[in-house]
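Report on the following structure.
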Amino acid sequence: MRILLFLSLWLTLILYIPGGESVLPLVINTWAFQSATETAWKVLEQGGSSLDAVEKGCAQCEIDQCDGSVGYGGSPDEMGETTLDAMIMDGNTMNVGAVADLRRIKNAIGVARAVLDYSKHTFLVGESASLFAESMGFLHEDLTTVKSRSIYLNWLNQNCQPNYWRNVVPDASKSCGPYKPVKGFKEWKNLHTENKVNLHSHDTIGMIAVDEAGNVATGTSTNGATHKIPGRVGDSPIAGAGSYADSTTGGAAATGNGDLMMRFLPSYQAVEYMRLGMEPSKACEKTISRIQKHFPAFFGAVICANNSGSYGAACSKAPGFTQFHFTVLKKGISRPQNEVVNCI
Ligand code: SD4
């Protein structure tokens with residue numbers, strides 16, 4: 001009897017950490033993408049795995065075209081095409097499936113899951129990823145919509161502004177390509193001007209699900225950056241950058257300027273900070289400030305959750321971006337909760 005009492009006290013203690021938001025299960029995702037949160041939650045409620053929850057949750061965003069920056073019909077590249085990046089990670093097995101520059105297939109995270117389930121690889125890209133998807137039964141569809149076409153045509157009409165070129169002729173800040181390298185170019189010095197991206201050309205779903213037993217899975221899905229150079233892959237499909245899961249510790253996911261953020265593997269970094277015993281919000285903050293040492297006003301945010309259900313988020317203050325919204329659904333509340341954090 002005494003042993004039973006002791007065990008139940010101990011379980012209560014590990015499932016509830018005073019001061020932290022800590023009751024499992026938990027779903028947390030970037031931005032105010034609430035229907036994705038709800039979809040993931042339903043999977044957990046019905047006894048599904050955290051991996052399934054993340055897949056279905058992010059897939060919901062692909063269907064809803066969350067903010068136009070997830071799924072089909074958003075972020076047309078320089079040729080007007082929408083291409084998708086996604087990944088999913090199982091924090092129990094450390095298995096990852098990822099796709100990037102995926103064309104003509106809407107359900108990018110589904111394809112990432114198929115890479116995880118049906119291949120020994122981790123990451124497939126481009127046309128070959130689409131062929132893989134088709135062979136796995138995914139539908140081949142045009143990802144262009146009236147909206148993405150009009151974003152593209154407007155961009156062409158505005159001399160292809162903004163774009164992601166530098167040190168080229170003709171001057172990319174005034175004209176469309178094709179471009180050639182500028183003659184005599186030696187070294188790129190002014191790193192900080194790299195931050196001049198269009199903030200609202202970015203938004204990604206990054207999700208962490210932790211089931212009742214503390215199993216962690218993470219995933220991301222995005223159509224990347226508007227007007228990207230064809231072939232560009234962002235941080236979202238890269239394990240450790242877009243998201244990272246380790247059930248012995250927790251999970252993290254990132255959103256923002258992926259061209260910069262991927263260099264710092266922020267999701268891996270955040271999980272490692274939590275492994276060292278840091279609370280999730282502190283781990284997120286430390287991760288953001290590490291990047292800020294090099295890019296003081298980069299646009300980006302990270303969400304973090306540990307395997308007992310404490311969670312947090314942090315963002316980097318950039319022009320026009322002072323607060324970051326994320327969504328949480330956890331045991332004890334019935335609807336997804338929008339939470340906000342002030343950027344540092
Ligand atoms: C990318 N990180 O492709 C993604 C975009 C994003 O919030 O997250 N935007 O760079």
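Because the structure is a prediction, the values reported are computed rather than measured. Both ligands and their constituent atoms are indexed starting at 1 by order of listing.
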Query - Atoms of ligand 1 close to Ser236 [distance to a heavy atom under 4.0 angstrom, numbered from 1] - result: 2 (N), 4 (C)

Report task. Give the atoms of ligand 1, by number and element, whose distance to some non-hydrogen atom of Gly224 is under 4.0 Å. Result -> 3 (O)

Requested in this report: For the pair Phe326 and Phe324, name the ring-plane relationship: parallel under 30°, tilted 30 to 60°, perpendicular over 60°.
Outcome: parallel

Requested in this report: Using distance alone, determine whether Ala225 and ligand 1 share an N or O pair under 3.5 Å.
Outcome: no

With the threshold set at 4.0 Å, does a side-chain nitrogen-carboxylate oxygen contact exist between [X] and [Y]?
X      : Y      : value
Glu285 : Lys282 : yes
Glu272 : Arg275 : yes
Glu141 : Arg104 : no

Requested in this report: List the steps, then state whether side-chain contact (heavy atoms from CB on, under 4.5 Å) holds for Cys284 with Thr287.
Outcome: CA-CA 5 Å; Cys284 276; Thr287 300; 5.7 Å; no

Requested in this report: Please verify whether a non-hydrogen atom of Arg232 lies at under 4.0 Å from ligand 1.
Outcome: yes

Report task. Check each of Asn257, Asp235, Asp85, Asp259 against atom 2 (N) of ligand 1 and report the one with the nearest heavy atom. Result -> Asp235

Query raised in the report: Should the proximity of Lys228 to ligand 1, defined as any heavy atom under 4.0 Å, be assigned to the side chain, the backbone, both, or neither?
Result: neither

